[in-house]
Protein chains: 2
Amino acid sequence: MRLTTKGRFAVTAMLDLALRQDNGPVTLAGVAERQRISLSYLEQLFGKLRRQELVASVRGPGGGYCLARDARSISVAQIITAVDEPLDATQCGGKENCLDEHRCMTHDLWSSLSRRMYDYLDSVNLHDLMVQQRDKTTHRVVVHDHAVRPGVSEMVRVQL
Amino acid sequence: MRLTTKGRFAVTAMLDLALRQDNGPVTLAGVAERQRISLSYLEQLFGKLRRQELVASVRGPGGGYCLARDARSISVAQIITAVDEPLDATQCGGKENCLDEHRCMTHDLWSSLSRRMYDYLDSVNLHDLMVQQRDKTTHRVVVHDHAVRPGVSEMVRVQL
DNA sequence: TATAAAGTCGACTGAATTGATCGGGAATTG
DNA sequence: CAATTCCCGATCAATTCAGTCGACTTTATA
C-alpha cells in the first residue's frame, strides 16, 4: 500500500464526481477545472478507475463519468489501489534475495502493518466523505445565515 | 504522510536494532547483512534517524547504534516521518493554486484522512513489533522441534 | 450528414524520488 | 599506529510523478 499525491488526486476527483453526478455524467474537464488537476493526468487516472470498474463512462456530447456503484460501496482503499497499481510487490516478495530467518521478519512485519492500514482506508467510503464535505458546506452557510440551522455540522468539524 | 519502501527499510532496520541492542551497540554493517539492505543506504537513513534523536551513535571499534530512547516510546510513525522528511507539504498546502470553496474540500479531506493514518501508525511502537516478532520466532522453534525439520518457512508462509 | 463534445489510447517529457555506489573523512579502541 | 566504525558529500541508473501532445472513437444534435 503506497500513499502518495497520486492517490490523493484520485480520491479528490472521485469525491468531486460523487458530489455532482446527480445531474448526469460529470466531465473530466469540469473536474480538472474545479480541482485544478490537469485534464490529461485525470484521463490517465480515470482510465484505471474505469478498468477497475469504480466508474463508468458515457461518450459523446453530454457524456462524462458516473460512479459505477453506490458511493457507500466504494472505499478510499479501492480508489488508491486502483491508481497506485503496483500494490506493494516491490519488497522481497517471495524472491530469493532474503534468506534464512530474517526473510520472515521483514516480510511479516510489513505485511501486517500495511494490512492494518489498508483495513482502515477500506473502512472509509466515498459516501462518508460526501457527508463530511456536505456538512462542511452547510456549516459555512449556517455561519453566514447566523444560527438558523444548528444541527449536523457542528460535530464533524470538531474531528478535523 | 507518505508510505513507501523507504519507510519500510527504516522500520525494519530499527526493529533489527531493537532486537539486538542488549549486547551493546549494533553496527550498520550487521544490519545491512542481516536485512539485505545496502550499507550506504542505511547510513543515509540512520543519519536522519540520529538527527531526529531516535538513535544514538558510538564511534570507533565496538561502536554502532543504539536506540536513543525506550522502544516503547518510539512509534512507527516517528520512524517513517524521520526518513520521509517532506511530510506532506506537497499538496495545495495553503498556497494560491486552489481557489474558492474547493480549496477547503481537497485540503480538509486529505488532512483528515492522513491524520487518522498517522494516528494509527503512531499507536504502534517498536516494542510492540519486538513482541510480535519474538512470538513468531518462538512459535517457529516449536514447530521446528516437532518433525524432522518441516521447514522453517512453513508456518510463517501461511500468514502471507 | 456534419460538427462538436466528450472519452480513449499511446508516446513522450522534465523533475523528483529511490536505492545504491564511491571516496574520503573523523572518532575511538587497542 | 592501525583497524573499526560512524559521518558526509557527490554521483548515478532506474523508476515514478505529473503533465503534455496528438490522433482516434463514440455519440448527440443542429
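So you know, we letter chains A, B, ... as the sequences are listed, proteins then strands, and number each from 1.
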Would you find a donor on one side and an acceptor on the other, under 3.5 Å apart, between the side chain of A:Q78 and the backbone of A:L54?
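No, A:Q78 side chain to A:L54 backbone: no donor-acceptor pair under 3.5 Å.
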Candidates D:dT20, D:dC6, C:dA20 - which lies nearest the side chain of A:S38
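Nearest nucleotide to the side chain: D:dT20.
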A:S57 side chain N/O closer than 4.0 Å to the phosphate oxygens (OP1, OP2) of C:dT8?
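For C:dT8, OP1/OP2 do have a side-chain N/O of A:S57 under 4.0 Å.
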[N] [atom2] sits how many Å from [X] [atom1], rounded?
X: B:I80; N: C:dT18; atom1: CD1; atom2: C1'; answer: 16 Å
X: A:L42; N: C:dT8; atom1: CG; atom2: C1'; answer: 14 Å
X: A:Y41; N: C:dG7; atom1: OH; atom2: P; answer: 18 Å
X: A:L17; N: C:dG7; atom1: CG; atom2: P; answer: 10 Å
X: A:L28; N: C:dA6; atom1: CG; atom2: C1'; answer: 9 Å
X: A:K6; N: C:dT17; atom1: NZ; atom2: P; answer: 16 Å
X: A:K48; N: C:dT8; atom1: NZ; atom2: P; answer: 15 Å
X: B:L45; N: D:dG9; atom1: CG; atom2: C1'; answer: 16 Å

Which part of the nucleic acid, if any, lies within reach of [X] when heavy atoms closer than 4.0 Å are counted: base, sugar-phosphate only, or nothing?
X: B:L39; value: nothing
X: A:V55; value: nothing
X: B:Y65; value: sugar-phosphate

Got a sec: does the CD of A:E43 have more than 12 other heavy atoms crowding it under 6.0 Å?
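It does: A:E43 CD has more than 12 such atoms within range.
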What N/O pairs connect the protein and nucleotides 9-12 of chain C at under 3.5 Å? Give each pair on its own line.
residue : atom : partner : partner atom : Å
C:dC9   : OP2  : A:R50   : NH2          : 2.7

Using the 3.5 Å cut-off, write out each protein N or O paired with an N or O of nucleotides 26-29 of chain D and the distance between them.
residue : atom : partner : partner atom : Å
D:dT26  : O4'  : A:R59   : NH1          : 2.7

Rounded at 0.5 Å granularity, tell me how far [atom1] in [X] sits from [atom2] in [Y].
X: A:M130; Y: A:Q21; atom1: CE; atom2: CD; value: 7.0 Å
X: A:Q133; Y: A:D16; atom1: CD; atom2: CG; value: 10.0 Å
X: B:T81; Y: B:Y118; atom1: OG1; atom2: OH; value: 5.0 Å
X: A:H127; Y: A:L67; atom1: NE2; atom2: CG; value: 11.5 Å

Report the relative orientation of the aromatic rings in B:Y41 and B:F9; use parallel for angles under 30°, tilted for 30 to 60°, perpendicular for over 60°.
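Judged by the thresholds at 30° and 60°, the geometry between B:Y41 and B:F9 is perpendicular.
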Heavy-atom pair with the smallest gap, counting every atom of B:L49 and B:A82:
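What the structure gives for the nearest pair is CD2-CB, 3.9 Å.
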For a 4.5 angstrom cut-off between non-hydrogen side-chain atoms, does A:M14 reach A:V76?
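A side-chain contact is absent here, since even the closest heavy-atom pair is not under 4.5 Å.
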